[in-house]
Every structure is written in C-alpha cells, then in structure tokens.
Protein chains: 2
Amino acid sequence: MMSSPRQRAAPAAPPSELDPSRRNNLALITSLVHHHRVLSRAQLTKRTGLNRSTVGTLIGQLAALGLVYETAPTGGAQVGRPSPEVRPSPSIAALAVYPEIDAVTIGLVNLGGIVQKKIRFATERIPSAREAVNIAAAVIEGMRTELDHSYRITGIGVAVPGLVNPDDGTVRHAPHLGWRDEPVARMLSEAAGYACQAANDASLAAEAELIFGAGAGRDNLVYLNGGASGIGGGIISNGMLLRGASGYAGELGHTFVRTSGEQCHCGATGCLETEVSQGRLFELLGVSGGDTSQLEQALRASGSPAVAEEISRQLGFLAIALRNAVNTFNPEVIILDGFLGVLYALAPSALDDLLLSQALDGPAAQAKVHPAALGSNLMMIGAAELGFARFLADPTGFVTTGLGSAAE
Amino acid sequence: MMSSPRQRAAPAAPPSELDPSRRNNLALITSLVHHHRVLSRAQLTKRTGLNRSTVGTLIGQLAALGLVYETAPTGGAQVGRPSPEVRPSPSIAALAVYPEIDAVTIGLVNLGGIVQKKIRFATERIPSAREAVNIAAAVIEGMRTELDHSYRITGIGVAVPGLVNPDDGTVRHAPHLGWRDEPVARMLSEAAGYACQAANDASLAAEAELIFGAGAGRDNLVYLNGGASGIGGGIISNGMLLRGASGYAGELGHTFVRTSGEQCHCGATGCLETEVSQGRLFELLGVSGGDTSQLEQALRASGSPAVAEEISRQLGFLAIALRNAVNTFNPEVIILDGFLGVLYALAPSALDDLLLSQALDGPAAQAKVHPAALGSNLMMIGAAELGFARFLADPTGFVTTGLGSAAE
DNA sequence: TTCGTTTGGTGTCCCAGAGAACATAACACC
DNA sequence: GGTGTTATGTTCTCTGGGACACCAAACGAA
C-alpha cells in the first residue's frame, strides 16, 4: 500500500523523504534478501526482530516497487502455516568493472550476487585509466538496449588493483597498471551515465567472500589474493570492511616478512609480495607464465627439489604474514586466493602447522585457512557490491528518485 | 517528564522497555555529553541532527533522572539566544581495576573521564587472579559508604595485560601475570556486587585516547604501549575498537620484525616485543629498573655509543612494526605510550623518516605519530569506559532498572 | 476429523520525532 | 540606549510507523 498523501502544506523537500526508522528497516530487509537470495517471511521476522505485521508491510512496500517478489511456500516439513518465500527482483542489477594489466572485464550482476553476464576485453598492452574507462563505457553502451529494457541499474562498481580512495573513487596509485591520481569513478560515471564508485580489488573480494563465499555467516575474515602483479589483501572485522582514514587499509602484500630481503617496488624491503610471488615459481619451472590452474598442474607435476624448496620457502614467508594477521585481527577465516590458494592446496597441513606454532594460542585456535569459494566470479560480485551500496542503504528512496520507476 | 503510564493491559515485560528510537537518541546524547564533558544544547542539536524540540525533550528526560544537568550559558561572543550547557552528572561513576605484576590499581571515574580517585595497592609478588580480585573487592568495600551515598556506580571495568575474551570477561592468557583461563569478570562481580567486564589493557587505552586523548575527533588510530612486561596494542578502525572473533585482536607486540630473531615467550621468533624492550635499555644503562621517566632521564644523560646504537636498533624494529600497521590500517594517528613514547621522544624525526620511507606513500602521508596524552590516568579512564558501556548503551533503562534511582 | 501450531492479515493504539508559531535573550548598528 | 537581527528554547499539533491483539488460514499429528 502506498503512503497516503500528506495534507499539510507541502515542504520544499522532494517527497522521497522517508522516516529514518522505516528506511532502516527497508534497507535491512533488502540486504537480508540480497545476502541470502531466498528467505521466508518468517525467517525475516526472526532475523530482523520486527513484528510479523511490520515485516508484512515492509515486504509489501518493497514488492510494490518491484524490488522483491514473493513465491508460494515450498512445503518444508514443518508444523504450522507455511511462510511465503521472498526473493530479490531479477531486474535490479549493478555493473562491475575490473581493469587488469591485460584486460578489462565488465560484468552485469543481479541482487543475490548472480553474475548474469561477464565480458572480458583483452588489451594489447596495459590500459591507461582513460582507455579502461573507454572500454568499459563502450561495452556498457553495447548492452544499453538490454539494460534499459530488462534491468534497473543501481550503479557501477570498479575494482582496482591498487590504492583507491573509495570516498571519491580516485585511484591514488595502482603500481601495476601505472595509474596515479586518476579520478576513475568520475570518469566512468560521466562516460557511462551511471553512478560509479571505485575501491581496492582485494577489499571488494573480501566483502564478496564474506557475503556469498567462504566467509558467509562470519564476522571476522582476512582475505589474501596472489596475482601476477602482487599480493592484495582485504580485511573484515566485526562484519565491516576495514577502510582506514582514506580507504587505503588492508595492504597486507607489504607486510614485512624478511630482514634484508629484496627491495620492493614500494620502496621498502622484505615485503611479502617480493618474497612470495608466482613469478619466482614460473621461473623455476621454466614456464614463461600462465594462469593459476596451469601453475598448480605444473607444480604438482614437477619433481624438482629446487621447486619443492621454493614452495616451502614461500610458505614460510606466507606463514609469517598470516601469523601477524592472526595476532592482529583474530579472524575466524583466512581466505587464500590466486596462487596463494595453490600454495596452500599443495601443502595445507604444512601451512596450518606453521601458523599454529607461530601465532598466539588463543587467536590461532580459531583461525581456519580456506581457499576462496567464488572462483572466477569473485571480483565481479565484489565490484557489483559497490554498485549496489547506495541502493541497499535506501532501497525505496533510491528507486523512486535515482532510477526510472518502471514497474515489473 | 516521565512517560505516562500505559493504559492498555500491561504486558508481561517490565515497564523499563523503551522505544528503540528513543533509547538510541538518549544513548547518543549521553555519549556525546560523556565524550565532550560540556556541550551546549545547540551543539547537541547540530551533532545529533535531531530537531531542537526533540533534543529539548531528551535532555529533559535525562535531567529528570539525574544523568545530566544544565547550567546557565556562558555568554560566548555569539549572536542569538545563548544555549544552556549540558554536563554529565558527577554522581554517575564507574570503577576501574588494573592488575599488574607489582600492584593492583583501583579507580573511581566519573562520566567525562574524570578520575576521582585512584588507589594503587602494591603487592609483594605477582598477584594471582584470586588475589587481584580480593584486593579490588576489599578496596571497593572500603569505599562502599561513599559509593552508596554519593555515587551511582554503573559497573566495573577490568583492564588486563593479556588475552581477554570481553564477551564473558575471561582471561585466556596473561603471560606476565601468569594467569590462564581465569573468569575474572565473574569473580569480581560476585565479590564486589557490581556488574563487571574485562578486556585487554591496550585496547582500553586505545579507546581512552580516542575519546579523551591524542585521538580525539579521529576515527582511525593505532595505540602501542611499551611496558615492563612487553608491548601491547590496540587498534581503532572506523571509530570502532578492533575486537576480532573472540576479542583477542590487536596484539601488535607480536608483530614479526626480524628474521632469525630471538625466541619470544609466545613461541615464535622475531616478535616486536622481544627485540624492542625497555629491559635491554636498562641493562645497557646498568640500572636495575625503574619507571618511564627515569628511563628517559637516564637515556638522555648517557653518552654511551652502545646505548645510542641500541636506541637506533630498537627504533628500526619499531619502524618495521609501524610500517606494517600503517599499511594495514591507514590510521590518522599512531600513539606511542610507555617506553615506546620515550624512544620516540629521543628521536622523533628519525622514526618519522623511517616510517615515511618504508610505508606506502598514501597511508604514510596521513599517519602522525603522537605520544599518549592521558598520562597516568590512561588505564583508569579506559577501564572505566568498560564499566560505563552498558549504561551508555541504554542510559534511562539502566538507571531505572539496574541502579537505585536515587534522585540527586 | 480434530486439535495444536505457526503464520499472514487487519484494525487499533500510542510513542516519538518533525515542524510551525511564538517567546526569549544575546549581539549589532545607528 | 533603543531597534533590528539572529539564534535558540518552548509549546502545540500532526503524522508516520511499529507493536499488539485478534482472527483467519494452512499445515502436521493423533
């Protein structure tokens, strides 16, 4: 039911203003449905702590705007009247953009973290910020008709491998892309015509794993990704992403792990990402490069003692970084992605043992190492989460003002 | 004005139940007044974003319960009707307890972080958990008459140098005290008759510095304290204390800073607190021990090159730990307390330069090293914050149910 | 079939915050 | 030293929104 029109002299503010309490509750329900993909009304009632009747009203309001829809209850073997199931609308979606050294990937992601479409645009050389924005805008332009007809886009999220200030979406420094002080979010927003935000790739990955992946249901998580160009980290503490003063927090790739280690491109020495790198492994294997699964195959196939030694050397340094992380964050889950996941898969108990013996007893007992669960969709889901953020903070306000209110 | 009695059939729940929104706003105002000590009604209106009239009602409610009081405006040179000033009631207080290896300190702290009383009970030997609890309970018993007559005690907070689970106030491991799995909060609660909570000392210190000290007005802060028994850390990110899964987060004293370093009592090697310790300094100075100011004097007085070299050695390791912290948390402030503060005071620019050259450019530019601002009251204020926690979360509910509602 | 159980739906009640209008107390300017 | 301006406290009314009670509906169990 729509809210009745106000009789009193209309205030200057647009009519989108909603009571904070109501907005909160609508946001809460939308987020829950987004995170769980399906949730019965009864479950929503329990999780929100709100009254049955209130939850009913809220869902009615969301359903009227086409943000969620209800389906007949699946007769679970339970006593009592069955509760209808609430799902996120498949028409709400966000765009995800991920620039890398050899490609720009663009994705279309639904609420619930469902990747509808993923387009990888390979580039001849490392794309500049301008080029990456142009590629993304062009791909989005190509989808425009489809987007306009079948979707309501809440925004674009850009995952950047580097230091990003998420407040204004400016890339302060992305060493491997060679970007410096690029206002990527503003550029892409102007080029594509959607609201746009940017953040560090590993931070977004951590959030994605928290919501839909190996960290689901947890509140404290450390995510580490080993890629071709270095090691990125994202930390979730108390259910919230660690941002820091300017959003630069989480750079675990530059954890100190070795006295008089090699010089890192960051200027310091002994950084995790200079000592632990897939480049060293490929070099030892005599391969010129490849992706993660090729690396794992090659490592498993190799009988070379030099390779084995290098693996155990890298595991040692990784354990030091993880020891620090465990003592510092007391996480429930440590997620290793990319080639770090490969290293772990090769000798899981070796790393577990190192960690258990080096970290403080209390925190060490609780920290479980896991490989990433979301695979190749991870970064799309994480970036899309950025594109959903403003929508999820105020679903109805966003739809009635920020988007065309096309009925389903 | 008291809330009018409900006419409808009284529900089973006690009449203390309050609308969540109202409770939130009351808590918000109480916390603001607590943090700022004095705040005009106009300032409260701006900070809360609530309506003038609403703020008036809320303050009226708090004043009626004797939680805050208003005083005549101090005619600040400002146009317009002056706004009365709101201050926390001096009758609301929390107890603070801090067991150390050679003493148990008990404090009485008002809202606003005013330490009314501090009693240091020196012990012959390291107190057991039972002994520390008995000492605290005895001292509190001694104050009982005064407490009952002049104060309303919201609770006891215990700061423990070690791993503490703040959920149940159990000390998992306090190596220097030799405590293991001691339910300190429960023990003291039973012995003293007040609600009691316990947490890590450095975490509480970090909170105290955030609210009243060098981190006031900031949201991201790293606190490091160098004491006789090691180095403790507390981290505040996004305005919230880092807790981790069981509240063990923040153990920066066991950050890895040196390959093939000495073995730490925690089992690992190369920990910050084994390489950087005031014991080494006292040893080199040929002094058997002393407090922080004595150390500073002795270090400044000494012309020995060995001492100078040790100082620079320790600064180097400290810089490595701080580098990690800056890259990981992107804090605005790093607070160095205890002998770490002394080390910094001896060569501030040396540490600043090391940090600037080693940490990532973005985060490094923002992180400012500061000495602690709260001095010897720091731990009392921090522990008291724990004792205030439940009160601040629901001020009126707490007073009408949890405390005798003695009118002022 | 009947009963107990769980849930959705509807109507009522009332708290709590917003806002307008008025009152009040300072400064500023002539 | 009046008068205007500005900022704030005070009072009153209005309304949104959640809780609750009651009833209806839909399921399992006996």
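Reminder, nothing fancy here: chain letters follow the sequence lines and each chain counts from 1.
Per the geometry, CG belonging to L26(B) stands 13 Å off C1' belonging to dC15(C), to the nearest Å. In this structure, CZ of R22(A) is placed 6 Å from C1' of dG17(D), rounded to the nearest angstrom. Following rounding to the nearest Å, L50(B) (CG) and dG9(D) (C1') show an atom-to-atom distance of 16 Å. Note: CD (Q43(B)) to P (dG9(D)) measures 11 Å, nearest angstrom. One interatomic measurement links the two molecules: CG of N51(A) to P of dC14(C), which rounds to 16 Å at whole-angstrom precision. The interatomic distance linking N24(B) (CG) with dC15(C) (C1') rounds to 15 Å, in whole Å. Following rounding to the nearest Å, I29(A) (CD1) and dG18(D) (C1') show an atom-to-atom distance of 12 Å. When the P atom of dT8(D) is taken as reference, atom CD of E70(B) falls 14 Å away, rounded to whole Å.
Contact annotation for D19(A): backbone-only contact, meaning every heavy-atom pair under 4.0 Å involves sugar-phosphate atoms and none involves a base.
Toward the 5′ end of DNA chain C lies the nearest nucleotide of T57(A), the other residue of the pair L58(B) and T57(A) mapping further downstream.
Residues satisfying the side chain to side chain contact (heavy atoms under 4.5 Å, CB included) test with L221(A), not counting sequence neighbours, are A206(A), L210(A), Y223(A), I236(A), I335(A). Qualifying salt bridge (Lys or Arg N to Asp or Glu O under 4.0 Å) partners for D168(A), counting only residues two or more places apart in sequence or in other chains: none.
Residue N25(B) has no polar side-chain atom (N or O) positioned under 4.0 Å from OP1 or OP2 of dA16(C). Taking side-chain N and O atoms only, T54(B) has a distance below 4.0 Å to OP1 or OP2 of dA18(C).
Residue pairs that meet the salt bridge (charged side-chain N to carboxylate O under 4.0 Å, His left out) test with at least one member in residues 36-51 of chain B, sequence neighbours left out, are R41(B)-E70(B). Judged as a salt bridge (charged side-chain N to carboxylate O under 4.0 Å, His left out), the pairs with a partner in residues 83-93 of chain A (not counting sequence neighbours) are, in order, E85(A)-R87(A).
For Q61(A) and R22(A), the side-chain atoms include at least one donor-acceptor pair closer than 3.5 Å.
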Might you list the N or O atoms of the protein lying below 3.5 Å from N or O atoms in nucleotides 5-9 of chain C, with each pair's distance?
| from | atom 1 | to | atom 2 | distance (Å) |
| --- | --- | --- | --- | --- |
| dT6(C) | O2 | R81(A) | N | 2.8 |
| dT7(C) | O3' | S83(A) | OG | 3.3 |
| dG8(C) | OP1 | S83(A) | OG | 2.5 |
| dG8(C) | O4' | R81(A) | NH1 | 3.4 |
| dG8(C) | O4' | R81(A) | NH2 | 3.4 |
| dG8(C) | N7 | R52(A) | NE | 3.0 |
| dG8(C) | N7 | R52(A) | NH2 | 3.4 |
| dG8(C) | O6 | R52(A) | NH2 | 3.1 |
| dG9(C) | OP2 | R41(A) | NH1 | 3.3 |
| dG9(C) | OP2 | R41(A) | NH2 | 2.4 |

Show which side-chain atoms of residues 52-59 of chain B pair as donor or acceptor with protein atoms under 3.5 Å away, not counting sequence neighbours.
| from | atom 1 | to | atom 2 | distance (Å) |
| --- | --- | --- | --- | --- |
| S53(B) | OG | N51(B) | OD1 | 2.9 |
| T57(B) | OG1 | S53(B) | O | 2.9 |

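Between H36(A) and F212(A), the ring center distance fails the sub-6.0 Å criterion.
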